[in-house]
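Below is one structure, written out as structure tokens, with a few remarks after it.
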Amino acid sequence: MAAKQPPPLMKKHSQTDLVSRLKTRKILGVGGEDDDGEVHRSKISQVLGNEIKFTIREPLGLRVWQFVSAVLFSGIAIMVTSKTPIRLYGGALLSISLIMWNALYTAEKVIIRWTLLTEACYFGVQFLVVTATLAETGLMSLGILLLLVSRLLFVVISIYYYYQVGRRPKKA
């Protein structure tokens, strides 16, 4: 048996090859202008140069709420001064306040959402602990009611912003 000869290599037609090269240069952004005078930019430079796609559309009042939260956590942490468990509680609040202060200066959606969720969880747990303590002791005063209402309000506001930041932007 004789070995089969491989088919001869076919050359591309120069016109097709030229069109293919022009399309490649257009996509890569290394070509000049096209017939309409439009300068081609590469897909990479379009993605890197257009950071507006990656930022979030902040809900109205988000940065104010983050600032209030950071001040609130810092203030409570500074006021804690007695016994060791309370000092540990103050240290934990100070740590959370540092996170809140750093989140105030970021535009990353994930970080903002995590800080809002942390805040909502903290105030939710505090609401439950105060409610359980009231049920055990039976002590009720206007100050404690205001504390409970404020904690519930802080949970609602934090959850509201958490979901607003997580929403997908509307297509225009």
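Residues take their numbers from the sequence shown, with the count starting at 1.
For Tyr89, the side chain to side chain contact (heavy atoms under 4.5 Å, CB included) partners two or more places apart in sequence, or in a different chain, are Val80, Leu93, Tyr122, Gln126. With sequence neighbours excluded, the residues forming a ring pair (Phe, Tyr, Trp, His ring centres under 6.0 Å) with Phe154 are Trp65, Phe123, listed by chain and number. Residues passing the side chain to side chain donor-acceptor pair (under 3.5 Å) test with Thr115, sequence neighbours excluded: none.
Linking Ile, Leu, Val, Met, Phe, Trp and Tyr whenever their side-chain heavy atoms come within less than 4.5 Å leaves Leu116 and Ile99 in two separate clusters. Residues Leu62 and Ile159 are members of one and the same hydrophobic cluster, defined by side-chain heavy-atom contacts under 4.5 angstrom among Ile, Leu, Val, Met, Phe, Trp and Tyr. Connection of Leu117 to Val156 is not established within any shared hydrophobic cluster, with ILVMFWY side chains joined at heavy-atom distances below 4.5 Å, either directly or through further cluster members. Under the 4.5 Å side-chain contact rule for hydrophobic residues, Val165 and Ile111 do not share a cluster. By the criterion of side-chain heavy atoms lying less than 4.5 angstrom apart, applied directly or through intervening Ile, Leu, Val, Met, Phe, Trp or Tyr residues, Ile96 is not grouped with Leu98; the two fall into different hydrophobic clusters.
The closest side-chain heavy-atom distance from Glu119 to Phe73 is below 4.5 Å.
Side-chain heavy-atom separations under 4.5 angstrom define the hydrophobic clusters, and the remaining members of the one that includes Leu145 are Phe127, Leu128, Val130, Leu134, Met140, Ile144, Leu147, Leu148, Leu152. Under a 4.5 Å side-chain heavy-atom criterion applied to ILVMFWY residues, the cluster that includes Val125 comprises Val129 as well. Cluster partners of Leu139, using a side-chain heavy-atom cutoff of under 4.5 Å among ILVMFWY residues and allowing indirect links: none. In this structure, Val71 belongs to a hydrophobic cluster whose other members, linked by side-chain heavy atoms under 4.5 Å apart, are Phe67, Trp101, Leu104, Tyr105.
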*Decide side-chain contact (heavy atoms from CB on, under 4.5 Å) for Glu108 and Ile112; before the verdict, give the C-alpha distance in whole Å, the side-chain angles of both, and the deciding distance to 0.1 Å.*
CA-CA 6 Å; Glu108 290 190 39; Ile112 292 172; over 6 Å; no

*List the steps and the verdict of side-chain contact (heavy atoms from CB on, under 4.5 Å) for Tyr161 and Arg113.*
CA-CA 8 Å; Tyr161 282 123; Arg113 289 191 83 208; over 6 Å; no

*When you look at Gln66 and Met100, which way does the side-chain contact (heavy atoms from CB on, under 4.5 Å) test go after all the steps?*
CA-CA 7 Å; Gln66 286 180 308; Met100 296 293 170; over 6 Å; no

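The number of heavy-atom neighbours closer than 6.0 Å to CG of Leu146, taken from other residues, nucleotides and ligands shown, is above 12.
One distance of note links OG of Ser69 with CD1 of Ile157; it measures 8.5 Å at 0.5 Å rounding.
No donor-acceptor pair closer than 3.5 Å links the side chain of Thr106 to the backbone N or O of Asn102.
For residues 134-146, no residue pair satisfies the side chain to side chain donor-acceptor pair (under 3.5 Å) rule, not counting sequence neighbours. The ring-ring contact (aromatic ring centres under 6.0 Å, His included) pairs that include a residue from residues 132-151 number zero, where partners must be two or more places apart or lie in different chains.
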